Amino acid sequence: MNRIFTLTVNPVVDKNTTIPSLVPHKKIGCTEPVYYSGGGGINVSRAINNLGGKSVAIHFSGGRIGIHLQELLSNEDIEHYVIDLKGTTRENLSVFDTATDLYYRFGLPGPTVNDNEWQKGLNIIESTLNETDFLVVSGKLTSGIPDDYYMMVGEIAKRKRAKFILDTKGRALKHAINTDIYLFKPNLSELASLYGNEMLSNKMLEESAKDFMATHNCKIMAVSLGRRGALLVTEDILEYIPAPIVHEKNTIGAGDSMLAGMLLKAQAGHTPKTMIQYGVAAGAAATLKRGTQLCQKEDVEKIFKWVKLNVSVK
(Lines give C-alpha, C1' and ligand atoms only; values in the text may rest on other atoms or scores of the structure.)
Protein backbone atom coordinates (compact mmCIF):
# COMPACT_ATOMS: atom_id res chain seq x y z
CA MET A 1 0.00 0.00 0.00
CA ASN A 2 1.13 3.57 -0.65
CA ARG A 3 2.59 5.12 2.48
CA ILE A 4 1.82 8.40 4.21
CA PHE A 5 4.70 10.66 5.25
CA THR A 6 4.29 13.89 7.18
CA LEU A 7 6.92 16.63 7.36
CA THR A 8 7.13 19.00 10.34
CA VAL A 9 9.96 21.51 10.24
CA ASN A 10 8.85 23.44 13.33
CA PRO A 11 7.40 20.85 15.74
CA VAL A 12 6.46 21.54 19.34
CA VAL A 13 5.86 19.93 22.68
CA ASP A 14 2.47 21.14 23.92
CA LYS A 15 2.21 21.48 27.70
CA ASN A 16 -1.41 21.53 28.93
CA THR A 17 -2.55 22.50 32.41
CA THR A 18 -5.64 23.74 34.27
CA ILE A 19 -6.09 26.61 36.72
CA PRO A 20 -9.01 27.56 39.01
CA SER A 21 -9.01 31.18 37.85
CA LEU A 22 -6.70 33.57 36.00
CA VAL A 23 -5.76 36.38 38.38
CA PRO A 24 -2.98 38.95 37.78
CA HIS A 25 -0.09 39.53 40.19
CA LYS A 26 -0.74 36.30 42.06
CA LYS A 27 0.89 32.88 42.02
CA ILE A 28 -1.73 30.53 40.55
CA GLY A 29 -1.73 26.83 41.34
CA CYS A 30 -1.83 24.60 38.24
CA THR A 31 -2.73 20.96 37.80
CA GLU A 32 0.00 18.52 36.80
CA PRO A 33 0.79 19.21 33.13
CA VAL A 34 -0.04 16.81 30.33
CA TYR A 35 2.33 16.78 27.36
CA TYR A 36 1.57 16.13 23.68
CA SER A 37 3.77 16.06 20.62
CA GLY A 38 2.63 18.70 18.16
CA GLY A 39 3.16 20.82 15.10
CA GLY A 40 1.18 20.50 11.87
CA GLY A 41 2.59 17.33 10.35
CA ILE A 42 3.04 15.58 13.69
CA ASN A 43 -0.57 16.35 14.60
CA VAL A 44 -1.65 14.81 11.29
CA SER A 45 0.36 11.68 12.10
CA ARG A 46 -1.14 11.51 15.59
CA ALA A 47 -4.66 11.87 14.22
CA ILE A 48 -3.98 9.16 11.63
CA ASN A 49 -2.81 6.95 14.48
CA ASN A 50 -5.99 7.70 16.45
CA LEU A 51 -8.03 6.63 13.43
CA GLY A 52 -6.25 3.29 13.14
CA GLY A 53 -3.88 4.24 10.31
CA LYS A 54 -0.11 4.43 10.01
CA SER A 55 2.26 7.13 8.86
CA VAL A 56 5.89 8.15 9.17
CA ALA A 57 6.50 11.53 10.83
CA ILE A 58 9.62 13.21 9.48
CA HIS A 59 10.53 16.07 11.80
CA PHE A 60 13.32 18.38 12.91
CA SER A 61 14.31 17.97 16.55
CA GLY A 62 16.86 19.48 18.90
CA GLY A 63 17.80 19.94 22.54
CA ARG A 64 16.15 18.46 25.62
CA ILE A 65 12.68 19.39 24.39
CA GLY A 66 13.46 17.63 21.12
CA ILE A 67 14.34 14.48 23.08
CA HIS A 68 11.05 14.79 24.95
CA LEU A 69 9.23 15.15 21.61
CA GLN A 70 10.78 11.93 20.34
CA GLU A 71 9.81 10.12 23.53
CA LEU A 72 6.21 11.27 23.18
CA LEU A 73 6.03 10.01 19.58
CA SER A 74 7.56 6.67 20.55
CA ASN A 75 5.09 6.31 23.42
CA GLU A 76 2.24 6.73 20.93
CA ASP A 77 3.83 4.12 18.65
CA ILE A 78 4.20 6.61 15.81
CA GLU A 79 7.03 5.79 13.43
CA HIS A 80 9.21 8.85 13.04
CA TYR A 81 12.43 9.97 11.41
CA VAL A 82 14.48 12.65 13.16
CA ILE A 83 16.54 15.38 11.53
CA ASP A 84 18.82 16.57 14.33
CA LEU A 85 19.16 20.28 15.05
CA LYS A 86 21.71 22.27 17.02
CA GLY A 87 18.87 24.50 18.20
CA THR A 88 16.17 23.52 20.68
CA THR A 89 12.66 22.44 19.74
CA ARG A 90 9.99 24.86 20.97
CA GLU A 91 7.47 24.29 23.74
CA ASN A 92 3.97 25.78 23.92
CA LEU A 93 1.73 26.24 26.93
CA SER A 94 -2.06 25.83 26.95
CA VAL A 95 -3.93 26.85 30.11
CA PHE A 96 -7.60 26.07 30.74
CA ASP A 97 -9.40 28.38 33.18
CA THR A 98 -12.13 26.34 34.87
CA ALA A 99 -13.84 29.46 36.22
CA THR A 100 -14.52 30.87 32.75
CA ASP A 101 -14.20 27.79 30.49
CA LEU A 102 -11.65 29.75 28.46
CA TYR A 103 -8.38 28.53 26.94
CA TYR A 104 -5.19 30.56 26.93
CA ARG A 105 -2.48 29.49 24.50
CA PHE A 106 1.12 30.72 24.66
CA GLY A 107 3.31 29.98 21.65
CA LEU A 108 7.09 30.28 21.78
CA PRO A 109 9.29 30.80 18.71
CA GLY A 110 11.00 27.86 17.05
CA PRO A 111 14.75 27.32 16.70
CA THR A 112 16.94 28.63 13.91
CA VAL A 113 17.67 25.92 11.33
CA ASN A 114 20.93 26.15 9.41
CA ASP A 115 21.45 25.37 5.72
CA ASN A 116 22.93 21.93 6.32
CA GLU A 117 20.00 20.94 8.52
CA TRP A 118 17.20 21.93 6.18
CA GLN A 119 19.10 20.47 3.23
CA LYS A 120 19.33 17.17 5.10
CA GLY A 121 15.54 17.22 5.31
CA LEU A 122 15.33 17.46 1.52
CA ASN A 123 17.83 14.63 1.13
CA ILE A 124 15.82 12.38 3.46
CA ILE A 125 12.64 13.00 1.48
CA GLU A 126 14.45 12.38 -1.80
CA SER A 127 15.83 9.04 -0.63
CA THR A 128 12.69 7.85 1.17
CA LEU A 129 9.74 8.79 -1.03
CA ASN A 130 8.38 6.32 -3.58
CA GLU A 131 5.89 6.61 -6.40
CA THR A 132 2.23 6.91 -5.21
CA ASP A 133 3.29 7.71 -1.60
CA PHE A 134 1.56 10.63 0.11
CA LEU A 135 3.72 13.46 1.47
CA VAL A 136 2.09 16.01 3.78
CA VAL A 137 3.72 19.34 4.54
CA SER A 138 1.81 21.03 7.33
CA GLY A 139 2.61 23.88 9.68
CA LYS A 140 4.71 27.01 9.62
CA LEU A 141 8.39 27.40 8.86
CA THR A 142 10.94 28.52 11.41
CA SER A 143 13.92 30.86 11.30
CA GLY A 144 16.65 29.94 8.80
CA ILE A 145 14.45 27.89 6.48
CA PRO A 146 13.89 29.60 3.11
CA ASP A 147 10.37 30.72 2.20
CA ASP A 148 10.30 28.41 -0.82
CA TYR A 149 11.23 25.30 1.19
CA TYR A 150 7.86 23.62 0.77
CA MET A 151 8.03 24.29 -2.96
CA MET A 152 11.39 22.46 -3.00
CA VAL A 153 9.74 19.58 -1.15
CA GLY A 154 6.87 19.60 -3.64
CA GLU A 155 9.30 19.44 -6.55
CA ILE A 156 10.88 16.34 -5.02
CA ALA A 157 7.44 14.75 -4.70
CA LYS A 158 6.78 15.64 -8.34
CA ARG A 159 10.00 13.98 -9.50
CA LYS A 160 9.27 10.90 -7.42
CA ARG A 161 5.64 10.80 -8.67
CA ALA A 162 4.36 10.99 -5.13
CA LYS A 163 1.24 12.86 -4.00
CA PHE A 164 1.98 16.25 -2.43
CA ILE A 165 -0.45 17.51 0.24
CA LEU A 166 -0.19 21.16 1.28
CA ASP A 167 -1.39 22.88 4.46
CA THR A 168 0.51 26.03 5.38
CA LYS A 169 0.18 29.80 5.34
CA GLY A 170 1.98 33.07 4.68
CA ARG A 171 5.01 33.35 2.43
CA ALA A 172 5.58 29.59 2.51
CA LEU A 173 2.12 29.10 1.00
CA LYS A 174 2.62 31.65 -1.76
CA HIS A 175 5.71 29.77 -2.94
CA ALA A 176 4.42 26.23 -2.45
CA ILE A 177 1.35 26.65 -4.67
CA ASN A 178 3.68 26.86 -7.67
CA THR A 179 4.37 23.12 -7.67
CA ASP A 180 2.04 20.17 -8.38
CA ILE A 181 -0.45 19.59 -5.57
CA TYR A 182 -2.59 16.50 -5.02
CA LEU A 183 -4.56 17.93 -2.09
CA PHE A 184 -4.62 21.54 -0.91
CA LYS A 185 -6.37 22.37 2.39
CA PRO A 186 -6.56 26.11 2.99
CA ASN A 187 -8.94 27.76 5.39
CA LEU A 188 -10.91 30.85 4.34
CA SER A 189 -8.30 33.37 5.42
CA GLU A 190 -5.44 31.44 3.78
CA LEU A 191 -7.26 31.25 0.45
CA ALA A 192 -8.25 34.91 0.78
CA SER A 193 -4.61 35.89 1.34
CA LEU A 194 -3.68 34.47 -2.05
CA TYR A 195 -6.08 36.96 -3.63
CA GLY A 196 -5.13 39.97 -1.53
CA ASN A 197 -8.16 39.81 0.75
CA GLU A 198 -8.62 39.32 4.48
CA MET A 199 -11.81 37.28 4.08
CA LEU A 200 -14.10 36.02 1.31
CA SER A 201 -17.85 36.14 0.87
CA ASN A 202 -19.55 32.98 -0.44
CA LYS A 203 -19.52 34.35 -3.98
CA MET A 204 -15.88 35.42 -3.75
CA LEU A 205 -14.99 32.06 -2.20
CA GLU A 206 -16.43 30.12 -5.12
CA GLU A 207 -14.88 32.46 -7.69
CA SER A 208 -11.47 32.29 -5.99
CA ALA A 209 -11.64 28.50 -5.68
CA LYS A 210 -12.51 28.08 -9.36
CA ASP A 211 -9.78 30.51 -10.37
CA PHE A 212 -7.19 28.71 -8.24
CA MET A 213 -8.02 25.35 -9.78
CA ALA A 214 -7.89 26.82 -13.27
CA THR A 215 -4.49 28.45 -12.77
CA HIS A 216 -2.64 25.89 -10.63
CA ASN A 217 -1.73 22.22 -10.90
CA CYS A 218 -4.00 21.05 -8.09
CA LYS A 219 -6.17 17.95 -8.20
CA ILE A 220 -8.31 18.42 -5.07
CA MET A 221 -8.92 21.47 -2.90
CA ALA A 222 -10.77 21.31 0.41
CA VAL A 223 -11.44 24.77 1.83
CA SER A 224 -12.01 24.46 5.57
CA LEU A 225 -15.01 26.55 6.66
CA GLY A 226 -14.90 25.78 10.38
CA ARG A 227 -18.35 25.11 11.80
CA ARG A 228 -19.84 25.28 8.29
CA GLY A 229 -17.85 22.26 7.11
CA ALA A 230 -15.80 22.49 3.92
CA LEU A 231 -15.95 23.34 0.24
CA LEU A 232 -14.80 20.55 -2.08
CA VAL A 233 -13.35 21.73 -5.37
CA THR A 234 -12.00 19.62 -8.24
CA GLU A 235 -11.86 20.11 -12.00
CA ASP A 236 -15.58 19.31 -12.27
CA ILE A 237 -16.94 19.50 -8.68
CA LEU A 238 -17.87 22.48 -6.49
CA GLU A 239 -19.77 21.19 -3.48
CA TYR A 240 -20.30 22.20 0.12
CA ILE A 241 -19.86 19.44 2.70
CA PRO A 242 -21.75 20.36 5.89
CA ALA A 243 -20.59 19.78 9.45
CA PRO A 244 -22.88 19.00 12.38
CA ILE A 245 -23.37 21.36 15.31
CA VAL A 246 -21.33 19.96 18.17
CA HIS A 247 -20.42 21.14 21.66
CA GLU A 248 -16.97 22.54 20.95
CA LYS A 249 -14.49 22.40 23.80
CA ASN A 250 -11.62 23.74 21.68
CA THR A 251 -10.49 23.96 18.04
CA ILE A 252 -6.84 22.96 18.53
CA GLY A 253 -5.86 20.38 15.92
CA ALA A 254 -9.22 20.38 14.13
CA GLY A 255 -7.63 21.20 10.78
CA ASP A 256 -4.92 18.58 11.26
CA SER A 257 -7.54 15.98 12.17
CA MET A 258 -9.53 16.93 9.07
CA LEU A 259 -6.46 16.40 6.91
CA ALA A 260 -5.76 13.03 8.56
CA GLY A 261 -9.29 11.84 7.83
CA MET A 262 -9.04 12.87 4.19
CA LEU A 263 -5.69 11.14 3.78
CA LEU A 264 -6.87 7.81 5.15
CA LYS A 265 -9.78 7.75 2.72
CA ALA A 266 -7.48 8.79 -0.14
CA GLN A 267 -5.06 6.02 0.78
CA ALA A 268 -7.95 3.53 0.64
CA GLY A 269 -8.91 4.74 -2.85
CA HIS A 270 -12.15 6.58 -2.04
CA THR A 271 -13.63 9.45 -4.05
CA PRO A 272 -12.80 13.08 -3.26
CA LYS A 273 -16.32 13.55 -1.84
CA THR A 274 -15.93 10.67 0.62
CA MET A 275 -12.46 11.95 1.52
CA ILE A 276 -13.80 15.39 2.42
CA GLN A 277 -16.85 14.01 4.23
CA TYR A 278 -14.64 11.88 6.46
CA GLY A 279 -12.26 14.79 6.91
CA VAL A 280 -15.07 17.09 8.04
CA ALA A 281 -16.18 14.40 10.51
CA ALA A 282 -12.64 14.09 11.88
CA GLY A 283 -12.29 17.87 12.21
CA ALA A 284 -15.58 18.15 14.09
CA ALA A 285 -14.63 15.23 16.35
CA ALA A 286 -11.39 16.96 17.35
CA THR A 287 -13.34 19.87 18.84
CA LEU A 288 -15.07 17.55 21.33
CA LYS A 289 -11.90 17.11 23.39
CA ARG A 290 -9.96 19.60 25.49
CA GLY A 291 -6.28 20.16 24.85
CA THR A 292 -4.55 18.57 21.88
CA GLN A 293 -6.00 15.07 22.04
CA LEU A 294 -7.21 15.42 18.42
CA CYS A 295 -9.99 13.28 16.92
CA GLN A 296 -11.04 9.90 18.32
CA LYS A 297 -12.21 7.17 15.95
CA GLU A 298 -15.49 6.39 17.72
CA ASP A 299 -16.55 10.05 17.53
CA VAL A 300 -15.45 10.34 13.90
CA GLU A 301 -17.46 7.32 12.76
CA LYS A 302 -20.64 8.66 14.42
CA ILE A 303 -20.25 12.09 12.87
CA PHE A 304 -19.33 10.59 9.48
CA LYS A 305 -22.70 8.83 9.37
CA TRP A 306 -24.42 12.17 9.97
CA VAL A 307 -22.38 13.92 7.27
CA LYS A 308 -23.19 11.24 4.68
CA LEU A 309 -26.92 11.47 5.42
CA ASN A 310 -27.14 15.24 5.06
CA VAL A 311 -27.46 16.90 1.68
CA SER A 312 -24.78 19.49 0.94
CA VAL A 313 -26.11 23.03 0.99
CA LYS A 314 -24.64 26.44 0.33
Side-chain angles (χ1 to χ4, degrees), residues 5-12 38-45 47 58-60 90 107 109-110 113 118 121-122 125 134-158 162-201 204-226 230-234 251-260 262-263 266 272 275-276 279 283:
F5 293 90
T6 64
L7 174 65
T8 313
V9 300
N10 192 17
V12 63
I42 284 176
N43 279 341
V44 173
S45 283
I58 302 171
H59 64 95
F60 293 10
R90 64 194 174 112
V113 177
W118 62 253
L122 298 179
I125 293 166
F134 296 88
L135 174 61
V136 182
V137 297
S138 178
K140 60 186 178 181
L141 301 177
T142 186
S143 176
I145 300 180
D147 292 342
D148 62 348
Y149 191 70
Y150 286 156
M151 187 179 74
M152 297 183 210
V153 173
E155 288 297 300
I156 294 173
K158 182 178 177 180
K163 296 180 174 72
F164 182 62
I165 294 92
L166 179 64
D167 184 14
T168 189
K169 62 180 63 177
R171 290 179 293 180
L173 174 60
K174 291 179 179 179
H175 286 282
I177 57 174
N178 295 312
T179 189
D180 289 4
I181 305 168
Y182 170 73
L183 173 61
F184 177 35
K185 192 200 75 64
N187 60 29
L188 267 177
S189 63
E190 289 160 358
L191 182 61
S193 71
L194 296 177
Y195 290 90
N197 297 304
E198 290 188 6
M199 286 301 293
L200 298 171
S201 65
M204 292 171 64
L205 165 62
E206 294 175 13
E207 290 174 350
S208 299
K210 289 176 183 177
D211 178 77
F212 184 90
M213 298 300 285
T215 55
H216 295 82
N217 292 323
C218 179
K219 186 173 181 180
I220 304 167
M221 178 159 65
V223 185
S224 174
L225 305 177
L231 176 65
L232 165 63
V233 193
T234 68
T251 57
I252 302 172
D256 300 319
S257 293
M258 178 181 173
L259 193 51
M262 289 190 285
L263 280 166
M275 288 167 53
I276 309 307

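The analysis underlying the following values was restricted to heavy atoms, covering all of them including side chains, and did not include hydrogens, waters or symmetry mates. We count residues from 1, following the sequence as given. Fair warning: this is a prediction, and the values are worked out from it, not measured in the lab.
The backbone N or O of Asn10 lies less than 3.5 Å from no partner atom in the side chain of Thr142, so there is not a single donor-acceptor pair. For the pair Asn178 (side chain) and His175 (backbone), a donor-acceptor distance under 3.5 Å is present. Between the Tyr149 side chain and the Leu141 main chain, no donor and acceptor come within less than 3.5 Å of each other. Thr8 places a side-chain N or O within donor-acceptor distance of the main-chain N or O of Ile42, the cut-off being under 3.5 Å. Between the side chain of Arg90 and the backbone N or O of Gly107 there is no donor-acceptor pair closer than 3.5 Å. Using a distance-only test at 3.5 Å, with no hydrogens or angles considered, no donor-acceptor pair links the side chain of Asp256 to the main chain of Ala254.
Contact check for Lys219 versus Thr234: no side-chain heavy atoms found under the 4.5 Å cut-off. Using a 4.5 Å cut-off on side-chain heavy atoms (C-beta onward), Asp167 and Val137 make no contact. With a 4.5 Å cut-off on side-chain heavy atoms, Phe5 and Ile125 do not count as touching. No side-chain heavy atom of Glu198 sits under 4.5 Å from any side-chain heavy atom of Ser189.
Exactly one of Val136, Leu135, Ile165 qualifies for a side chain to side chain contact (heavy atoms under 4.5 Å, CB included) with Tyr182. That residue is Ile165.
The two atoms that bring Ala222 and Met262 nearest to each other are CB-SD, 3.8 Å, heavy atoms only. When every heavy atom of Ala192 is checked against every heavy atom of Leu200, the shortest pair comes out as CB-CG, 3.6 Å. Heavy-atom minimum distance, Leu188 versus Leu225: CG-CD2, 3.7 Å. Across every non-hydrogen atom of Trp118 and Val113, the tightest pair is N-CG1, 3.7 Å. Here the shortest heavy-atom pairing between Leu173 and Glu190 reads CD2-O, 3.9 Å. Minimum interatomic distance between Ala47 and Ala260 (heavy atoms only, all atoms of both residues): CB-CB, 3.5 Å.
Between the CD1 atom of Ile156 and the CE atom of Met151 there is a distance of 11.5 Å, given to the nearest 0.5 Å. With rounding to the nearest 0.5 angstrom, the CD1 atom of Ile181 is 5.0 Å from the CG atom of Leu166. To the nearest 0.5 Å, atom CZ of residue Arg171 and atom CG of residue Asp147 are 4.5 Å apart. Between Ile276 atom CD1 and Ile220 atom CD1 the span is 6.5 Å, to the nearest 0.5 Å. Note: Glu207 CD to Ser201 OG = 7.5 Å, rounded to the nearest 0.5 Å. Here CE of Met221 is found 5.5 Å from CG of Leu191. Values are rounded to the nearest 0.5 Å.
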Audit row: Leu194, Ile177, side chain to side chain contact (heavy atoms under 4.5 Å, CB included) steps and yes/no: CA-CA 10 Å; Leu194 296 177; Ile177 57 174; 3.9 Å; yes
Working for side chain to side chain contact (heavy atoms under 4.5 Å, CB included), residues Val9 and Tyr150: CA-CA 10 Å; Val9 300; Tyr150 286 156; 3.6 Å; yes
Side chain to side chain contact (heavy atoms under 4.5 Å, CB included) between Asn197 and Met204, worked out: CA-CA 10 Å; Asn197 297 304; Met204 292 171 64; 3.6 Å; yes
Thr6 and Ile58: CA distance, side-chain angles, deciding distance, side chain to side chain contact (heavy atoms under 4.5 Å, CB included) verdict: CA-CA 6 Å; Thr6 64; Ile58 302 171; over 6 Å; no
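Every residue meeting the side chain to side chain contact (heavy atoms under 4.5 Å, CB included) condition with Ser224, not counting sequence neighbours, appears here in chain and number order: Lys185, Asn187, Met258. Residues meeting the salt bridge (charged side-chain N to carboxylate O under 4.0 Å, His left out) test with Asp211, sequence neighbours left out: none. By the ring pair (Phe, Tyr, Trp, His ring centres under 6.0 Å) test, Phe212 pairs with Phe184, His216, sequence neighbours left out.
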